[in-house]
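Residue numbering restarts at 1 for every chain, and letters A, B, ... go by the order of the sequence lines.
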Amino acid sequence: MKAVELARNYDPKDFEERIYAEWKRKKEFGPSSSDKEHFSVVMPPPNVTGILHMGHALNNSLQDIIVRYHRMLGRPTLWVPGTDHAGIATQNVVERQLQKEGLRRQDLGREKFVERTWQVKEKHHDIIKKQLEKMGCSCDWDHERFTMDEGLSRAVREAFVTLYERGLIYKGKYLVNYCPKCGTALADDEVEYENVPGKLYDVRYPYADGSGFITVATTRPETMFGDVAVAVNPEDERYTSVVGKELLLPLTDRKIKIITDSFVDKEFGTGMVKITPAHDPNDWECGRRHNLEAINLLNPDGTLNENVPEKYRGMKAEEARKLVVEDLEKGGYLVKTTDHAHDVGHCYRCHTTVEPYLSEQWFVSMKTLADKALAAWRNGDIVFYPRRWENTYVHWMETIRDWCISRQLWWGHRIPVWYCQDCGKMIVSRENPDECPDCHSHNLKQDEDVLDTWFSSWLWPFSTLGWPDKTPDLEKFFPTNTLVSAYDIIFFWISRMIMASEEFLGKAPFRDIVITGLVRDIQGRKMSKSLGNGIDPIEVIDKYGADAMKFTLCYLAAQGQDVMIDMDSFRLGSRFANKIWNATRYLLMNIEGRNLVDIQRDKLSIMDRWIYSRFNAAAGEIASAMENYRFNEAAQTIYSFFWNDFCDWYIEASKGRLLHGSDEEKDLQVSILMDILEKSMRLMHPFLSFITEEIYQKLPNHKGDVICAEYPQFSAELEDKEADSLVSILQEAARLVRAARANLQIAPEKKLRVVIRIVADNAASAFMKEEASLLATFMSASSVTIDTEGKEDVKGALPATGIGFEAFIFVREAIDIDAEIKRLQNEIEKNEKLLEGSVKKLSNENFISHAKPEAVEKEKSKKAEFEDKIQKSKEHIELLKSF
RNA sequence: GGAGGAUUAGCUCAGCGGGAGAGCGCUUGCCUUACAAGCAAGAUGUCACAAGUUCAAUCCUUGUAUCCUCCA
């Protein structure tokens, strides 16, 4: 064979882009036609508003690892990519653009506005796709979907109409969360609460009969014009006598009554609260219980409407509040003002204060859907990793409220409802109707509102596969296997997907739900635009490469824990990739003139058997880590196998044979090295996709592309406990001598004679004899003698104790005997403590009788080991004293 | 108010009832014919606190403290 030359430095820029293009060209990302069981994943669709952040990088890295792993297991594997139209968010982006041009969306009109939004969508979509490609995501671009493309829009209509037909969608006038800035209703969970300082105003409401007044406490005096009652707790004895009396609403000439309702907190303020059904959710419920009118005070833009006295009309709430307070004060109604922090809802998109707003909206009735979704969990059809998220899921499902799905936006799926302008008939239809079924009028008008974004994303796992049609994709790849998502959208998305899937297809959309943590900065803060503490995945890739990014994230992503990182964190992955590159570079230099030969097991040395055993163990650990979505464990296994076992020990050990062996030995050695290297590339590919592919292609023993190569499997037969334990003795011996040398600061070039005393004729001594020259290399010794009979003269040698052997290092000069004796005494002390623990355990009859027999056996051998070490150390001190 | 999480080395964090771990950082020595982005050796711990269960607790249970997140 000819040597293969690798660039001197690992530079991912040399090949990452090229390899991705190559994979795409060869259609490696599509599902194979194998008849094994399918494996499918749908990508949580990023919003087309922005670019991908570190959270996406984490999420997609983990998906890519899972997908590549299963692809290599030979299963027909499909990873569906796509993007979400992100209603409010995208509309806001476009509106901000318009604002810069001095325009409002109304100036453009609906059609033009939507057209323009499509352009923004296209632009961002292209950026997102490029980013995913740069990350190396092996998703099947032929299956790419967008929540507003034709098929998915049809799915949305199907879902809406079906739910309507099943009586699960209704329209009604309700108090909803309303963002005046976005001009639309929001779902309950689209509101973010924040504790802000405010004021509590105590206001006098006089009795209508002039017999005095009562005092109510409110944080929002400007809503008093919508008051329809004052409520007290029925058990509040202070007020029993006044219940039913009429009050005169200050600043107006309206009269309201005092009622009782148990929701009133006796301790809050005066224990009397004003009831404003149109502007507070609790009051709304209370108003419904008492059949009270709801007086809406707001225009859609958040200003006060004609239901307030003229002087306040057109004002924003905060503005009006000041004036109302002033007027109350002037009128002698204001008793006092106190500071009062309270939770205020904000729009999750623009952070404007959300107003409870009475309006006509569409709702999904959630109870029946939630029951099915809960049943799916109870049946074990869905499993969360980590499990604790199941509490969150169950709690949300059990306390679910109806979902407001209409949005007063232009960007989104228009609600498939039409109204006959002539007879008023409401038509809910899958197809655009031509005429009214009742009066045959053609004068139909579609509902102006669009649907909540999540109304399309909750169909994602099956709408992307062709539903409502019974497509072959749907047949084959649904239900999907694994969903990877951050915990912040369990409610928004994950729970609803399960409900939709159960409702429309009668099955859970996926079984395994992998909840990742959030990516935070090094101070633990959430990465955000406003803080400017975000890290751009593309910058990471430019600096360290996509492999380094993926591997680092994987290594740090312990089950569901938040990941704290900064730019430097990615050096971890980068250095590992560099190590792989250099090890390969070295190995490929050494194949010059060699031939690959059959690797027959009976020709393997213990060291050879050991590295195969370690490889096999690593494959086993990775399989179980992957099965349980313990990504960090898989990454650590790979790291320590390749770096510590393979590079630090095996390659180092092989150097001697490569230099001094016979041709036959050299050929065998090179063949084993290439074999392990080739297998390692396959083992590591899901985690470091680009570099393994680049290297794999250059290996003399590669077949095809690593992306679709077979994943190495653990096999119990390949476990080699004998080799494992023999090599660990060798390693311990090497470490002991190295440590002794380091302690004494003996320069590496000073080669010293070493005697290893193993007073036993067993596999260990035989192995040590066989590998004496290798030991000499590891110890930088001039020679290593294995003394099985205790006959070697070790006078003047520095002793060290291992498990089952002693090492004697012949150091005449440069040794500080006192320091060495001190070290040994410390050693004795340490071991005596350990021994004491062991003895205590073993003399405890309860331990002997209760503990597992293995544990007892282990304790016994530990005890013997400590005793031996203490004994040896004592002898060694004597020996040193005799110098 | 309810739920969940965290508390382990200087930092970031793994840890699966039985002699405390990794990466980074630090100290020391080495440019050993792949890698100084490297090699080798080392130092650093009341496993938050208190009780309990157990032959045995960093690990299980219950409290306490501090911090974080979500829900209301």
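Under the Watson-Crick and G-U wobble criteria, each requiring two contacts below 3.5 Å, nucleotide rC31(B) is left unpaired. Remark: rA14(B) base-pairs with no nucleotide in the shown strands. Criterion, Watson-Crick or G-U wobble with two distances under 3.5 Å. rU54(B) is unpaired under the Watson-Crick or G-U wobble criterion, no partner having all donor-acceptor distances under 3.5 Å. Pairing for rA37(B) is absent, judged as Watson-Crick or G-U wobble with the two contacts each under 3.5 Å. Pairing for rG42(B) goes to rC26(B), judged as Watson-Crick or G-U wobble with the two contacts each under 3.5 Å. With a cut-off of 3.5 Å on both Watson-Crick or G-U wobble distances, the partner of rU7(B) is given as rA65(B). The partner of rG19(B) is absent, by the rule that a Watson-Crick or G-U pair needs both atom distances under 3.5 Å.
Note: OH (Tyr639(A)) to P (rA14(B)) measures 17 Å, nearest angstrom. Here the P atom of nucleotide rA3(B) and the CZ atom of Arg387(A) are 21 Å apart, to the nearest Å. Here the P atom of nucleotide rU33(B) and the CG atom of Leu588(A) are 20 Å apart, to the nearest Å. What separates NE2 of His395(A) from P of rU69(B) is a distance of 19 Å, to the nearest Å. Atom pair Leu842(A):CG and rA56(B):C1' shows a separation of 12 Å (rounding to whole Å applied). Atom CE in Met397(A) sits roughly 14 Å away from atom P in rA72(B) (whole-Å rounding). For Trp396(A) and rG2(B), the CH2 to C1' distance is 18 Å, given to the nearest whole Å. As a whole-Å value, the separation of Asp566(A) CG from rG25(B) P is 12 Å.
Nucleotides rC26(B) and rU66(B), compared at atom P, are 36 Å apart to the nearest Å. Spacing between rC11(B) and rG45(B) at atom C1', rounded to whole Å, works out to 15 Å. Taking atom P on both rG29(B) and rC35(B), the two are 23 Å apart, rounded to the nearest angstrom. rG15(B) and rA51(B) are spaced 27 Å apart, taking the P atom of each and rounding to whole Å. Rounded to a whole angstrom, the distance from the P atom of rA20(B) to that of rU27(B) is 28 Å. The C1' atoms of rU12(B) and rA65(B) are separated by 24 Å, rounded to the nearest whole Å. Nucleotides rU58(B) and rC16(B) place their P atoms 14 Å apart, quoted to the nearest Å. A distance of about 36 Å separates the C1' atoms of rC71(B) and rA9(B), rounded to the whole Å.
Side-chain proximity of Lys579(A) to rA34(B), rA41(B), rA37(B): nearest is rA34(B). Residue Ala742(A) places its side chain closer to rA41(B) than to any other of rA41(B), rA34(B), rC70(B). With distances taken from any side-chain atom of Ser574(A) to the nucleotides rG5(B), rA37(B), rG23(B), the minimum falls on rA37(B). Comparing atom distances between the Asn391(A) side chain and each of rA34(B), rG4(B), rC71(B) picks out rG4(B) as nearest.
Residue Phe384(A) is tested with Tyr629(A), Tyr487(A), Tyr393(A) for a ring-ring contact (aromatic ring centres under 6.0 Å, His included); the sole match is Tyr393(A).
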Practice item. Please lay out, stage by stage, how Lys862(A) and Glu859(A) fare under the test salt bridge (charged side-chain N to carboxylate O under 4.0 Å, His left out). Key: CA-CA 5 Å; Lys862(A) 265 160 42 181; Glu859(A) 204 53 49; 3.2 Å; yes
Practice item. Applying salt bridge (charged side-chain N to carboxylate O under 4.0 Å, His left out), run through Lys840(A) and Glu836(A) and close with a yes or a no. Key: CA-CA 6 Å; Lys840(A) 210 170 132 193; Glu836(A) 201 184 319; over 6 Å; no
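Distance CG/Leu835(A) to CG/Asp868(A): 11.5 Å, rounded to 0.5 Å. Interatomic distance, Lys841(A) NZ to Ser843(A) OG, rounded to the nearest 0.5 Å: 11.5 Å.
Nearest-nucleotide positions on RNA chain B for Lys655(A) and Asn846(A) put Lys655(A) closer to the 5' end. Between Leu556(A) and Leu587(A), the one whose closest nucleotide on RNA chain B sits nearer the 5' end is Leu556(A).
Arg741(A) comes within 4.0 angstrom of no nucleic acid atom, judged by non-hydrogen atoms across all strands. Residue contacts for Tyr555(A): at a heavy-atom cut-off of 4.0 Å it reaches the sugar-phosphate backbone alone, with no base atom in range. The residue Glu652(A) sits close to a base: some heavy atom pair falls under 4.0 Å. Residue-level contact check: Asn590(A) touches neither bases nor backbone, having no heavy atom under 4.0 Å from any strand. Heavy atoms of Asn578(A) sit under 4.0 angstrom from at least one base atom.
For the OP1/OP2 pair of rA41(B) and a distance below 4.0 Å, the side-chain nitrogens and oxygens of Arg738(A) include at least one atom meeting the criterion. For rC71(B), the OP1/OP2 oxygens have no side-chain nitrogen or oxygen of Trp389(A) closer than 4.0 Å. For the pair Arg585(A) and rA37(B), the criterion of a side-chain N or O lying under 4.0 Å from OP1 or OP2 is not met.
With a 6.0 Å cutoff to the six-membered ring centre and a 45° limit on the axis angle, Lys655(A) counts as a cation-pi contact of Tyr586(A).
In this structure, the side chain of Lys13(A) engages the main chain of Asp542(A) through a donor-acceptor pair within 3.5 Å. Formation of a donor-acceptor pair under 3.5 Å by the Thr552(A) side chain with backbone atoms of Gly573(A) is found in this model.
Using bins of under 30°, 30° to 60° and over 60° for the plane-to-plane angle, the ring pair Phe576(A)/Phe551(A) lands in the tilted bin.
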Using nucleotides 16-20 of chain B, report all nitrogen or oxygen pairs with the protein that are shorter than 3.5 Å.
from: rC16(B); atom 1: N4; to: Glu633(A); atom 2: OE1; distance (Å): 3.4
from: rG19(B); atom 1: OP1; to: Lys862(A); atom 2: NZ; distance (Å): 2.7
from: rG19(B); atom 1: N1; to: Glu865(A); atom 2: OE2; distance (Å): 3.2

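For Phe690(A) and Phe15(A), the ring centers are positioned 6.0 Å apart or more.
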